[in-house]
2 protein chains.
Amino acid sequence: MKAPSVEVDRLFHALGDPTRRAILDRLVQRPASVSKLAEPLGITLTAVMQHLEILEEAKLVHTEKLGRVRACRLERAGFRVLEQWIRRHRTEWERRLDRLGEVLAEDDNGKQA
Amino acid sequence: MKAPSVEVDRLFHALGDPTRRAILDRLVQRPASVSKLAEPLGITLTAVMQHLEILEEAKLVHTEKLGRVRACRLERAGFRVLEQWIRRHRTEWERRLDRLGEVLAEDDNGKQA
DNA sequence: AAGATACTGAAGTATCCACTTGACTATTTC
DNA sequence: GAAATAGTCAAGTGGATACTTCAGTATCTT
């Protein structure tokens with residue numbers, strides 16, 4: 001019954017590339033066309049397109065072709081998946097780390113021998 | 001003045017692999033040795049070691065060799081980087097998405113023509 | 001001390017990934 | 001309608017990545 005992690009895979013993979021995070025940072029400022037996005041990145045249009053596909057699959061970006069221009073903007077869904085993943089993990093994670101803290105404190109006492 | 005993104009790179013890259021997330025999920029339950037981690041994964045010890053190196057570089061896991069066993073446990077730092085990244089981005093992200101929402105609402109009105 | 005256990009290191013492989021080139025298509029704009 | 005613009009498609013390349021095997025090396029255990 002475990003959720004298929006493919007969604008999370010795609011998300012983290014998308015976020016794992018600095019060029020893609022740069023694109024996101026750019027789109028936070030304002031929506032943009034593919035060529036506007038490519039300009040400061042120093043890579044070809046084609047490469048940007050490929051990044052955009054990955055960002056779209058991760059539901060971090062939505063694009064839409066209007067005339068000859070492809071308009072790109074942020075999408076909410078991907079970011080929600082990220083927040084959910086964190087929320088779902090934070091609790092157990094913190095519990096485990098707290099328990100660890102206790103153990104390590106004991107270790108430190110023991111270490112004085 | 002931009003923070004070097006190499007830390008975030010490592011983090012998202014580490015989280016982008018399902019085997020590594022499985023290892024983390026395992027370590028949330030309890031600390032474990034390399035072979036205990038390898039057991040349910042169906043891959044070699046060596047492969048697990050390689051994943052562990054990546055998780056260590058991302059500061060998600062700490063390992064320590066005790067006798068002939070390498071003890072693996074969660075580490076706080078990586079998770080903190082993740083939470084910080086989100087916190088730092090959430091605000092602008094939400095602002096942008098809200099503004100988008102307005103624009104899209106307008107579009108929807110316009111669409112009725 | 002001999003054997004088992006738990007890794008470790010080096011090297012190899014197959015696949016993926018970011019990126020390119022170059023030829024092409026669809027839209028403006030003149 | 002010709003030229004410029006904005007993107008698209010197919011194919012290829014080089015370097016990472018996720019593994020593997022196999023031959024060690026420490027560290028228990030008996």
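Bear in mind that the values here come from a model prediction, so they are computed numbers and not experimental data. Every chain is numbered from 1, with letters handed out A, B, ... down the list of sequences.
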- Query: Listed by chain and number, what are the ring pair (Phe, Tyr, Trp, His ring centres under 6.0 Å) partners of B:W93, not counting sequence neighbours?
  - Reply: A:F79

- Query: Does B:S33 reach the main-chain N or O of B:K36 with its side chain, forming a donor-acceptor pair under 3.5 Å?
  - Reply: yes

- Task: Ignoring hydrogens and angles, tell me if any N or O in the side chain of B:H13 forms a donor-acceptor pair with the backbone of B:D9 under 3.5 Å.
- Result: no

- Message: Let's see if you get this right: which residues in residues 36-53 of chain B place a heavy atom under 4.0 Å from DNA chain D?
- Response: B:I43, B:T44, B:T46, B:A47, B:Q50, B:H51

- DNA chain C: A:R20 or B:S33, which has the more 5' nearest nucleotide? B:S33

- Residue pairs involving residues 59-72 of chain A (criterion side chain to side chain donor-acceptor pair (under 3.5 Å); sequence neighbours excluded): A:E56-A:T63, A:T63-A:R70

- Does some side-chain heavy atom of B:L82 sit less than 4.5 Å from a side-chain heavy atom of B:L15? yes

- Query: For the residue pair A:I43 and A:A47, what are the closest heavy atoms and their distance?
  - Reply: CD1-CB, 3.9 Å

- Are any side-chain N or O atoms of A:R96 and backbone N or O atoms of B:L74, one a donor and one an acceptor, separated by less than 3.5 Å? no

- Item | Exam field: side chain B:R20 to backbone B:H51, donor-acceptor pair closer than 3.5 Å | no

- Of the residues in residues 54-71 of chain A, which ones touch DNA chain D at a heavy-atom distance under 4.0 Å? A:K65, A:R68, A:V69, A:R70

- Footprint ends on DNA chain D, 5' to 3', for atoms under 4.0 angstrom from a heavy atom of chain A, come out as D:dA4 to D:dA10

- Report the residues that fulfil side-chain contact (heavy atoms from CB on, under 4.5 Å) with A:L45, sequence neighbours left out, ordered by chain and then residue number. A:V34, A:S35, A:A38

- Cationic N near anionic O, under 4.0 Å, A:R76 to B:D98: yes

